[in-house]
S.K.: 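Next up is a structure, given as structure tokens.
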Amino acid sequence: MSALTDDTLPVTPRAMRDEMIVFAAMALLLALVPFTGIYPFFVMQALCFALLACAFNLLIGYGGLLSFGHAMFLGTAGYVTAHALKVWALPPELGIVIGTAAATLLGLVTGYISIRRQGIYFSMITLALSQLLYFIYLQAPFTHGEDGIQGIPQGHLFGFLDLSKPTVLYYVVLAGFLGGFLVIYRTINSPFGEVLKSIRENEQRAISLGYKTDQYKLLAFIISGTLAGFAGSLKVFVAQNASLTDVHWTMSGEIVLMTLVGGLGTIFGPVVGAFVIIAMQQYLASYGQWVTVIQGVIFVACVLTFRRGLIGEIAHFLRRSL
Amino acid sequence: AQDKTVKIGALSDQSGLYADLGGPGSTLAAQMAAEDSGLKAKGWKIEIVSGDHQNKPDIGTTIARQWFDVDKVDVIVDVPNSGVALAVNNVVKEKNGVYINSGAATSDLTNAQCSPNTVHWTYDTYMLAHTTGQALVKAGGDTWFFLTADYAFGAALERDTTAVVTANGGKVLGGVKHPLNTSDFSSFLLQAQSSKAKIIGLANAGGDTTNSIKQAAEFGIVKGGQKLAALLLFLTDVKAIGLETAQGLNFTETFYWDMNDQTRAFSKRFAERMKNGAPPTMVQAGVYAGLLHYFKALDALGGNPHDGVKVVEKMKAIPTDDALFGKGEIQPNGRTIHTAYLFEVKKPSESKGPWDFYKLVGSVPGDQAFTPLSESKCALLKK
Amino acid sequence: MADAKLAEAPAKAAGGAEVLSVRDLQAWYGESHILHGINFNVKAGEVVTLLGRNGAGKTTTLKAVMGIIGKRTGSIRFDNQEIIRASSDRIARKGIAFCPEERGIFASLDVRENLLLPPVVRPGGLSLEQIFALFPNLKERLYSQGTKLSGGEQQMLAIARILRTGARFLMLDEPTEGLAPVIIQQIGHTIARLKSEGFTILLVEQNFRFASTVADRYYIVEHGKVIDGFANSELSANMDKLHTYLGV
Amino acid sequence: MAYGGICLADEFILETHGLTKEFAGFFAVRDVALKVRRGSIHALIGPNGAGKTTCFNLLTKFLKPSAGQILYKGQDITAMQPADVARLGLVRSFQISAVFPHLTALENVRVALQRQHGSSFDFWRSKSVLDRYNGRARELLNDVGLSEFANTPAVEMPYGRKRALEIATTLALDPEMMLLDEPMAGMGHEDIDKIAALIKRISAKYTILMVEHNLSVVANLSDIITVLTRGQVLAEGNYADLSKDERVKEAYLGAGHG
Amino acid sequence: MQALYAQLLVGLINGSFYALLSLGLAVIFGMLNIINFAHGALYMMGAFTAYFLLSLGGLGYWWALIIAPIVVGIFGMILERTMLQWLAGLDHLYGLLLTFGIALIVQGVFQNYFGSSGLPYAIPDYPQIGDWRGLQGGINLGFMFLPIYRGWVVIFSLVVCFATWFLIEKTQLGAYLRAATENPTLVRAFGINVPRMITLTYGLGVGLAALAGVLSAPINQVRPLMGADLIIVVFAVVVIGGMGSIMGSIITGFALGVIEGLTKYFYPEASNTVVFVLMVLVLLVKPTGLTGRAA
Ligand SMILES: Nc1ncnc2c1ncn2[C@@H]1O[C@H](COP(=O)(O)OP(=O)(O)OP(=O)(O)O)[C@@H](O)[C@H]1O
Ligand SMILES: Nc1ncnc2c1ncn2[C@@H]1O[C@H](COP(=O)(O)OP(=O)(O)OP(=O)(O)O)[C@@H](O)[C@H]1O
Ligand SMILES: [Mg+2]
Ligand SMILES: [Mg+2]
């Protein structure tokens, strides 16, 4: 079997209690952010990417499927939400629902095409599909091509939460992130998650046991795409724009990078990875030209020296699943 | 006492496609503007920070927002890449800062998305299309064929140029839309060649433009008697293509280092401080000139530079006049107008130095080159 | 015809100098310590069989000799040279050939390519005709994809391809697994013939009945150690012990 | 379940007619008519390359027949998908052992139990609902002698144990009919006896079709044996008869037997 | 109609770049099981090496054609020895990520030193025989003006492609390589120095990328990002052709050039997307690509 699983699977049976404690600690820390003077927009952005990376991780870490096109969900949901808010003037909650639903639909279609392909074919076909979508968005009038959709109104969530107030927005984004995270966590630790793992391990055998593996993989793909889309919809409120960069393949690469840095197949790794990478982009911005080089070095270093990622290494050291 | 500290944020693409025409050079231009403003002597404290938006709108907006919220930046300059430029435009407006954009081509900045906090210096798509189209038709290039990048930017360039060409009695024989980032243009060039148009207009940018020029040379298009007109081209692009290939190419800029003694003097000082010894591009020149004008406004205000709308109003009130762009004005929609020039790339034999590339073919006064106020879709004008 | 060819091979080393001697061999898979000190030796021209229960460490021993186990300590001397630290390609070129338990047939190669894959390390190997005489099935399926062969055919192919290389020391890991009785008999003949021509063979077997028809000596492996050893002639005397060791 | 030959359609749980598989001109299986009696242990033997595994693959739909028909419990399953066939209660094991390497033995078995009892698509429920299968899973592991391996990842188990685990997993599906491809291959004697006893025991409940080269196992276990050579049925009968059959001796058993 | 012929020919020329690049990728994937994301960056390095040879060493195009693949190939072998080697036996994913990182580094460094707009490189104007000025100029074919350089590219690529195919599919070396992909441990245990062979193979694949880079330098701008976007298309070519299949990627490379050329003629807006659409269609019908071996 693939060495990916060798490295990433927990050495001891999952200790759900540990994980819940860590989760509570994480939620608490994040809830305190507005009182610390840390710049909230940075954290909000990181939260959106963290959710995105978690959604991606569901597919690779637990389904063994490396999607190199996850940016398409982020971007699609972003565009749809942005359009709904700006042009149709819908309230935020509807904008989010529509954007996320668009990602679900996209997941269904692209999943149907890609899921029956194995391993690296799957990566390549997702990459190609997202690139196809990129070119479509580049030319479609409603996305405004290179200029993107700008100046999106944030509005009032449920009519009373004023999202243009940073603190309100922050807690809304945080709630969205935690909700999405819990959905993923539950999925991993559900009967469905168990089947998913066995499919990753030995698909032929799973078939011979009577599992229609394509259906399971498709469902995993759709869940992952939906949550990635949800992250994209949330991000619209933070960035107040929707642009092509979110659909470009380099974004898909960044998602992989975040997950890898944090730890593929770990629960909390993608979150940590997303924060690290976003922080790097923000704070290394003054190093200007070297940012891509530094990113490249991190990729290489991760793959060569700590393949388990930050959280993965810690978990391995503690012999716990995190 | 008057508050006399200002902070300038040079937000640019430091590593990507636009790093050569903006990037570190723009930061340098901002520094030189601060030094040359003479404000220090008058008790001002000027600080400059720079950032890399990596051509991503959300990184651009986060940096901008953080600059305003945390670092207390007053003015953001440069910002090439239309997508990022428009995104930042919204942030500056929200935070009531000052935005002097010199790097972006989109004319939306002073039309549909204009803002009381924004000054758009240097150039825009309307001006490029207009100047190149008008000057070339007048010089006899009355039949056109377009190679257009297939997205909003290319379409805008083609549309605006077509309008000028026909208005001046020329004719558009056809065109072909190519996808962004095409590496091979031979198919399109063959179509352009067989159209027999006198002018082949390149309504694209960056690598697409340089590659189409290079391959046009290969297919003997210029030798065959047709002319190439690049609608958006920078000094650095010409350098990259090389004179051998680029010779005879027409295009518009609003600044060239070798225009007169003043531009030469500035460029010499600038080049000495650049890592690769390059003279300023028009974008970098725009950063310098735009900031100088901003400082003039501050000087006139005497202090308290933190109310963006007020500062921009002051900037609009003073006519512009600097060594690099000459005399001009900032229109109510935020558009700076100044003379635009049509250049042609020299033959290698005519070039006398490493950056001696252009010869001047014609010029169009600012009020004819840029969007007339009557056509501007800016909401600020409707007051 | 085949016999004539085999007869040309160098005569069997009389008395049998020690070809392989393994002392205190320890080996690890990652962190798990599998071999805890294996000691045995093989003399030239002998057929030596390692017996033991599932998971005793027989396969691991062969792999350690071949140099394809990450971490190993102790001493392995082949032809009086220490090879414990040599890389597996160098060990192979010294004249040891290995037929793995899982057969290792290459899917991207056809049968012929699989057969011709191992490079000839020294003269004296079997010719293709000799091999086809031993395993006629292979000749029939020569241009099939390697892994499209039936399980048993793959086993034949795996044995056949190392006979070509000229290596005089063969390590066969459960060569009869999954083979039909007729073929097992054939393999028994083959081993006997190879032995008579001076090949030295280290065999791992579960099929004790088969092993007893070809082996000169046995070693019993248990929990990563060699716990006993005796010659074929002492077999009947040791039958009881064998029962307890192997549960035969 | 079946009791004696009550009615003919019921007597044979699996039937094939003219089953043929051709690989680019090579007939791996040719015109095979197989009848497996309900409740019997039916062995399929034959020299290597005779087409036994191919036959299995055809029966379980991992390969599409070039021609012929497969009837399972009177129903034509020729055009079905592998997973559907498994759901009908026709489950196979693989010749090269097939387990989920990084799941523990217990989890391996549980995956099968879970399929059997549904809830496999529930991504919103906690997996602790699966704990109710633990008891049955342990029972099954115990049956194949793997109790002490319950928490060992399959990858770390010795070869023979993996085979046993595979059987336990197959049993977990509570199939009506099991196809076992060389279940004893690579096992030590002890294990062989264990598994043989196990097969004997479960044959009271299930119909078993197996491929096996270990003759003593075949002789002891099977009610009826079909001998396949070159893709075709050579002979059929019980062990005593077949071992006297010259053709079978020549093609399969070799000189030492009979 | 004549215009159509011209488009077909032009498409074929383009296809030769796809073929060369995807060939290199296929060699590396087929033999090392690595999706070489750095391929575009190495292609770019090939073009830059040609530029350096000319501007620093005064060595022209013909020299570059030989030296650049060797130089870049050696660089590739160093990469393999120092990094990729450690990934043997791991999931494909890691090779992809590592080479992705390498691509970022290489492109970033080049961008820092040479900017993003690129450097000029002219079509060689020697040897001069009679009226011929090297590969400059063109021939009027009646239905189109064919630059001589383009003709040269097609012929040269065909030769290189065929030679590589022969080496890998028809020689014993090729058999070693293919076997080593599946089970390097065992091949090594047969007495073959697998690590060295793999290093050389990576060098070969990388050299092919560099060669394509040199070939394209006179046509395309020599820019740090010249390979970055191309690479995705080339991936698609490799997938359509069947990953790891040498002949598949060659044929698909040329065919795709032609199809793209036709799209540029009939519906240019779609010429960037046609390859991806094609890929989806092919994979829907044939999961392993046109000539892929069964997974
Ligand atoms: N890759 C591996 N990683 C970890 N442990 C392993 C690995 N391969 C084998 N083992 C363990 O090493 C021990 C010895 O295995 P080995 O394969 O040498 O046994 P064997 O005697 O050949 O058994 P068999 O008769 O089943 O082939 C077993 O306990 C097995 O579980
Ligand atoms: N996919 C395939 N393509 C081509 N030939 C095949 C394929 N699968 C099997 N064969 C051939 O069909 C024949 C029958 O193979 P099969 O695996 O059914 O044999 P078997 O009876 O199971 O043998 P064994 O006892 O050795 O496992 C063999 O000669 C094999 O080479
Ligand atoms: Mg073994
Ligand atoms: Mg079989």
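Proteins come first, then strands; the chains are lettered A, B, ... in the order of their sequence lines, and each starts at number 1. Just so it is clear, the model here is predicted, and its values are computed rather than measured.
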S.K.: Side chains of E/Y94 and A/L264, heavy atoms from C-beta outward: is any pair under 4.5 Å?
M.R.: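 Yes, side chains in contact.
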S.K.: Is there a side-chain contact between E/L97 and A/L257 in this structure, where contact means two heavy atoms from C-beta onward sitting under 4.5 Å apart?
M.R.: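 No, their side chains stay 4.5 Å or more apart.
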S.K.: Identify which of E/V233, E/T99, E/V239 forms the greatest number of heavy-atom pairs closer than 4.5 Å to chain A.
M.R.: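 Option with the greatest count: E/V239.
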S.K.: Tell me, for A/L260 versus chain E, whether the close heavy atoms (under 4.5 Å) come from the side chain, the backbone, both or neither.
M.R.: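 For A/L260, side-chain heavy atoms alone lie under 4.5 Å from chain E.
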S.K.: Non-hydrogen atoms of chain E under 4.5 Å away: do they reach the side chain of A/L132, the backbone, both or neither?
M.R.: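 Both backbone and side chain.
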S.K.: Is the shortest side-chain heavy-atom distance between A/L129 and E/V280 below 4.5 Å?
M.R.: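 A side-chain contact under 4.5 Å exists here.
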S.K.: What part of A/I113 is in contact with chain E, defined as an atom under 4.5 angstrom from a non-hydrogen atom: side chain, backbone, both or neither?
M.R.: both
S.K.: Which atom names give the shortest non-hydrogen contact between A/V293 and E/I105, and what distance separates them?
M.R.: O-CG1, 3.7 Å
S.K.: Any side-chain heavy atom of A/L304 sitting closer than 4.5 Å to one from E/L98?
M.R.: yes
S.K.: Within a radius of less than 6.0 Å around OH of E/Y113, do more than 12 heavy atoms belonging to other residues, nucleotides or ligands occur?
M.R.: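 Open: at most 12 neighbouring heavy atoms sit under 6.0 Å from OH of E/Y113.
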S.K.: Chain A heavy atoms under 4.5 Å from E/M279: which part of the residue, side chain, backbone, both or neither?
M.R.: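 Answer is side chain: those atoms of E/M279 sit under 4.5 Å from chain A.
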S.K.: Below 4.5 Å, heavy atoms only, C-beta onward: do A/R307 and E/L87 meet side chain to side chain?
M.R.: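 Yes, side chains in contact.
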S.K.: Between A/V300 and chain E, which part of the residue has a heavy atom less than 4.5 Å away: side chain, backbone, both or neither?
M.R.: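 Its backbone and side chain both get close to chain E.
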S.K.: Say you draw a straight line from CG of A/L133 to OG1 of E/T273; how long is it, rounded to the nearest 0.5 Å?
M.R.: 11.5 Å
S.K.: Would you say the rings of A/F68 and E/F235 are close, in the sense that their centroids are separated by under 6.0 Å?
M.R.: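 Ring centroids of E/F235 and A/F68 are no less than 6.0 Å from each other.
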S.K.: Under 4.5 Å from any heavy atom of chain E, what part of A/Q139 do you find: side chain, backbone, both or neither?
M.R.: side chain
S.K.: Can you check side chain to side chain contact (heavy atoms under 4.5 Å, CB included) on A/T292 and E/Q107, steps first, answer last?
M.R.: CA-CA 8 Å; A/T292 44; E/Q107 279 165 0; over 6 Å; no
S.K.: Is the shortest side-chain heavy-atom distance between A/M124 and E/I35 below 4.5 Å?
M.R.: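 The answer is yes; the side chains approach within 4.5 Å.
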S.K.: How are the rings of E/F276 and A/F135 set relative to one another: parallel (under 30°), tilted (30 to 60°) or perpendicular (over 60°)?
M.R.: parallel
S.K.: Heavy atoms only, distances under 4.5 angstrom: which of E/F29, E/F100, E/W86 has the most pairs with chain A? Name it, please.
M.R.: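 Heavy-atom pairs under 4.5 Å are most numerous for E/F100.
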